[in-house]
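Reviewing the structure listed below.
The sequence lines fix the lettering, A, B, ..., with proteins before strands; numbering per chain opens at 1. All of these numbers come straight from a predicted model, not from anything done at the bench.
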There are 4 protein chains.
Amino acid sequence: MPPTSGTAAQGQSGKESTPHRRYDPDRRGSISDAALDVIAEHGVAGTTYRKIAAAAGVPLGSLTYHFESLDEILQEAFTKLANHTADGFEAAMAEAGNAAQARAAVVRLITGELLNDPRNMVLSYELYALAVRRPELRQVTDAWMARSRAAVGRFFDPATTIMLDALIEGLTMHRALSLAPMPRRTVEEAVNRIVGKP
Amino acid sequence: MPPTSGTAAQGQSGKESTPHRRYDPDRRGSISDAALDVIAEHGVAGTTYRKIAAAAGVPLGSLTYHFESLDEILQEAFTKLANHTADGFEAAMAEAGNAAQARAAVVRLITGELLNDPRNMVLSYELYALAVRRPELRQVTDAWMARSRAAVGRFFDPATTIMLDALIEGLTMHRALSLAPMPRRTVEEAVNRIVGKP
Amino acid sequence: MPPTSGTAAQGQSGKESTPHRRYDPDRRGSISDAALDVIAEHGVAGTTYRKIAAAAGVPLGSLTYHFESLDEILQEAFTKLANHTADGFEAAMAEAGNAAQARAAVVRLITGELLNDPRNMVLSYELYALAVRRPELRQVTDAWMARSRAAVGRFFDPATTIMLDALIEGLTMHRALSLAPMPRRTVEEAVNRIVGKP
Amino acid sequence: MPPTSGTAAQGQSGKESTPHRRYDPDRRGSISDAALDVIAEHGVAGTTYRKIAAAAGVPLGSLTYHFESLDEILQEAFTKLANHTADGFEAAMAEAGNAAQARAAVVRLITGELLNDPRNMVLSYELYALAVRRPELRQVTDAWMARSRAAVGRFFDPATTIMLDALIEGLTMHRALSLAPMPRRTVEEAVNRIVGKP
DNA sequence: GATGAATGAGGGTTCATTCAT
DNA sequence: GATGAATGAACCCTCATTCAT
């Protein structure tokens with residue numbers, strides 16, 4: 001049987017303003033990008049397909065077409081977050097040429113824009129809260145941690161690296177969650193003690 | 001609950017065998033306790049009035065009667081969580097008589113039940129994720145931190161206390177979020193470096 | 001804590017035109033009635049919460065409040081259908097005073113309004129199709145059949161009653177599903193043969 | 001199906017190991033066969049293009065290419081059902097050489113596998129429910145009935161044939177829809193009465 | 001003072017259908 | 001000729017919240 005017989009008269013005029021985009025090769029990417037924005041603004045608790053679709057400027061049905069579930073979107077979004085932060089981490093450490101410069105770089109990281117950016121911080125803690133509950137996201141945090149430690153590990157022994165990485169986390173967190181500001185001097189001193197500055 | 005047609009046998013006569021509890025002096029408390037259970041199981045994202053009411057064995061309308069909003073319930077619940085953890089923290093440190101014992105107590109805390117209990121961990125990170133977003137919850141985390149630091153501060157100078165507190169947080173967190181186990185030895189060494197064991 | 005403090009200024013004017021009905025004791029009934037209408041028009045395949053709600057003039061959320069599931073609505077609706085038809089059946093047979101009149105009553109039933117009403121027929125077959133698939137609806141058809149047989153059984157022995165009941169079903173069905181009309185004479189003769197008219 | 005990011009390994013080289021079937025001469029047939037399976041399992045209410053395509057192992061777009069609409073698929077599927085049952089009917093009656101054997105054959109049909117097979121029964125009632133609503137399907141049931149009557153008609157006069165056909169339907173139906181089993185003896189006696197066994 | 005009946009908005013998800021290829 | 005990528009409407013259902021009692 002021929003294709004639905006009589007749909008001949010369809011587009012008699014020449015130019016038409018693309019009623020709907022037919023193919024978008026980076027649709028998946030746009031969606032997970034938008035998901036990060038939504039999580040940053042509303043938290044995982046307030047993240048819905050509809051908000052993501054609106055943020056991405058994409059039809060609602062597109063989300064469930066490209067992703068199996070909301071969780072799959074979250075996973076991809078948080079992977080991007082982790083990579084973004086790890087990139088910044090690596091970049092900061094890459095500038096260091098020796099242990100002393102590495103110490104300074106770590107202090108700059110803890111007190112710098114990347115780790116104190118409200119958006120980044122909010123997203124990170126949302127990820128942590130989710131990761132303790134869901135093993136599949138544990139892989140994301142684990143890979144992230146591995147990259148951070150590798151970046152730091154260029155200058156310190158493995159045990160020190162682990163300690164330093166944890167210290168970075170703890171200091172960043174307490175700076176964020178405390179109402180009282182933490183002096184930069186305290187950060188420097190803590191780093192020095194962990195790495196054993198002579 | 002739907003009427004389910006026949007509600008004939010309800011008790012039209014005078015005597016009633018305690019059909020509903022007449023007065024519950026700690027209704028508020030039961031509700032916020034139940035809220036913690038629900039958050040632990042479903043996350044803040046999955047916490048609803050209905051689930052809390054069911055967990056508390058309390059009528060749905062009771063929640064909006066005793067609390068202004070869901071947020072108010074969350075705040076009270078998380079305050080209980082913070083107090084519970086801080087209690088454990090203080091108890092652990094109270095046993096210490098000197099700096100050496102205090103160091104050991106800190107290591108025991110980081111590796112012990114209280115901070116590694118999955119329920120407690122899940123709840124804590126849910127709180128953190130919420131606190132970075134909502135200032136009113138920042139007061140809860142801030143008060144919590146203050147108590148922790150006070151407990152530790154009996155043995156160390158203020159700056160060291162802040163560093164140690166942050167280290168505890170970071171080590172606990174990375175132990176939870178990493179797939180690879182962290183040796184106890186590393187924890188001990190990190191604590192020693194921060195407090196400057198001779 | 002007092003009930004949400006400031007909702008004092010609510011209805012300052014005297015008369016208000018009942019914004020939403022607060023209590024409707026026969027809500028369940030209206031819904032299952034409307035469900036029958038929707039099934040009759042769209043079939044079980046096309047029956048949705050939305051269509052039922054619209055037909056009943058009732059908010060959508062009301063359906064899931066009063067019923068656990070769509071299946072529960074269907075069950076209640078089909079029970080009404082069965083009772084309605086069985087009522088007509090009993091009424092028709094009640095007029096008969098002896099076996100001869102009973103035979104005539106059966107013929108009138110097969111050829112009469114009740115069993116040939118398109119709506120009633122459509123609904124009955126929708127029920128049958130569902131009942132062969134779902135045991136819980138089998139109880140509805142079984143109870144219906146029992147009432148029909150009891151009505152007929154006043155005049156004939158048990159075995160004859162079962163046969164006659166099946167014949168009624170088969171004749172009604174084939175009158176409905178055939179494009180060629182079936183003579184009334186054939187119906188009469190079939191009934192006579194089954195009941196053994198002398 | 002979503003693109004799942006990496007569709008790199010697709011076959012950009014010349015040789016391809018039969019990635020998709022090039023030509024399927026009975027694609028239409030596979031589809032309507034699969035449709036019957038889906039209807040049997042999910043009912044007409046739960047029959048969708050997607051389920052049929054999956055059951056047939058055929059791309060989704062293929063359905064709308066080969067058929068104008070879902071209704072057209074249903075119609076073709078139900079025609080196959082009717083033919084299948086009528087075939088069995090004819091085969092059963094073909095074995096009979098005289099009226100007595102024909103009576104026995106009819107009893108065997110009513111109590112036999114073909115008419116009591118759950119799948120067949122479910123499909124038949126789905127068809128009936130649809131046919132009372134949609135005239136175009138009435139032709140399917142009418143043709144089916146004509147074949148049945150022709151098969152039976154070889155042994156009985158036209159009026160008796162019509163009665164007997166209806167009786168077969170009614171007895172089969174009530175056996176299916178009743179929770180209490182119907183004795184084989186009752187079936188035999190009913191047939192005897194209709195055909196007037198001496 | 002305290003509760004359950006009731007609602008409408010919004011939740012995730014599925015679907016027939018369209019269209020570029 | 002045949003297909004899968006894509007859409008938006010509709011699906012069922014859950015929810016916070018309101019209000020009469």
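Residue S62(C) has a polar side-chain atom (N or O) positioned under 4.0 Å from OP1 or OP2 of dT7(E). Note on Y65(A): a side-chain N or O is less than 4.0 Å away from OP1 or OP2 of dA5(F). Side-chain nitrogen and oxygen atoms of T64(C) include none within less than 4.0 Å of the OP1 or OP2 phosphate oxygen of dC13(F). Of the side-chain N and O atoms in R27(A), one or more sit less than 4.0 angstrom from OP1 or OP2 of dT7(F). Side-chain N/O atoms of Y49(A) include one lying less than 4.0 angstrom from OP1 or OP2 on dT13(E).
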Q: Under the salt bridge (charged side-chain N to carboxylate O under 4.0 Å, His left out) rule, what do R28(C) and E72(C) come out as? Steps first, then yes or no, please.
A: CA-CA 11 Å; R28(C) 258 187 92 93; E72(C) 194 182 321; 3.5 Å; yes
Q. When you look at D71(B) and L137(B), which way does the side-chain contact (heavy atoms from CB on, under 4.5 Å) test go after all the steps?
A. CA-CA 10 Å; D71(B) 282 355; L137(B) 281 171; over 6 Å; no
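Mapping V58(A) and L60(B) onto DNA chain F via the closest heavy atom, the residue that lands nearer the 5' end is V58(A). Between S69(A) and P59(C), the residue whose closest nucleotide on DNA chain E is further toward the 5' end is P59(C). Both T47(A) and G61(B) lie close to DNA chain E; mapped to their nearest nucleotides by heavy-atom distance, the more 5′-ward contact belongs to G61(B).
The CG-P distance, from L63(A) to dG8(F), rounds to 12 Å in whole Å. In this structure, the CG atom of D26(C) is 16 Å from the P atom of dA5(E), given to the nearest Å. To the nearest angstrom, C1' of dA10(F) lies 14 Å from NE2 of H42(C). In this entry the distance linking CD of E68(D) with P of dT18(E) reads 11 Å, nearest Å. Going from atom NE2 of H66(D) over to atom C1' of dG1(F) covers 9 Å, rounded to whole Å. Taking atom CZ of F67(D) as the reference point, atom C1' of dT17(E) lies 17 Å away to the nearest angstrom. One interatomic measurement links the two molecules: CG of L70(C) to P of dA10(F), which rounds to 17 Å at whole-angstrom precision. Computed from coordinates, the E72(B) CD to dA16(F) C1' distance equals 15 Å when rounded to whole Å.
One N or O donor and one acceptor, one from the side chain of R50(B) and one from the base of dA16(F), sit under 3.5 Å apart.
dA16(E): Watson-Crick or G-U partner is dT7(F), with both key distances under 3.5 Å. A 3.5 Å limit on both hydrogen-bonding distances identifies dA2(E) as the Watson-Crick or G-U partner of dT21(F).
The OH atom of Y49(B) sits 11.5 Å away from the OG atom of S62(B) when rounded to the nearest 0.5 Å. Atoms OH and CG, from Y65(A) and L60(A) in turn, are 15.5 Å apart once rounded to the nearest 0.5 Å.
Residues E41(A) and K51(A) are not paired through a salt bridge, judged by the lack of any N-O separation under 4.0 Å between the basic side chain and the carboxylate.
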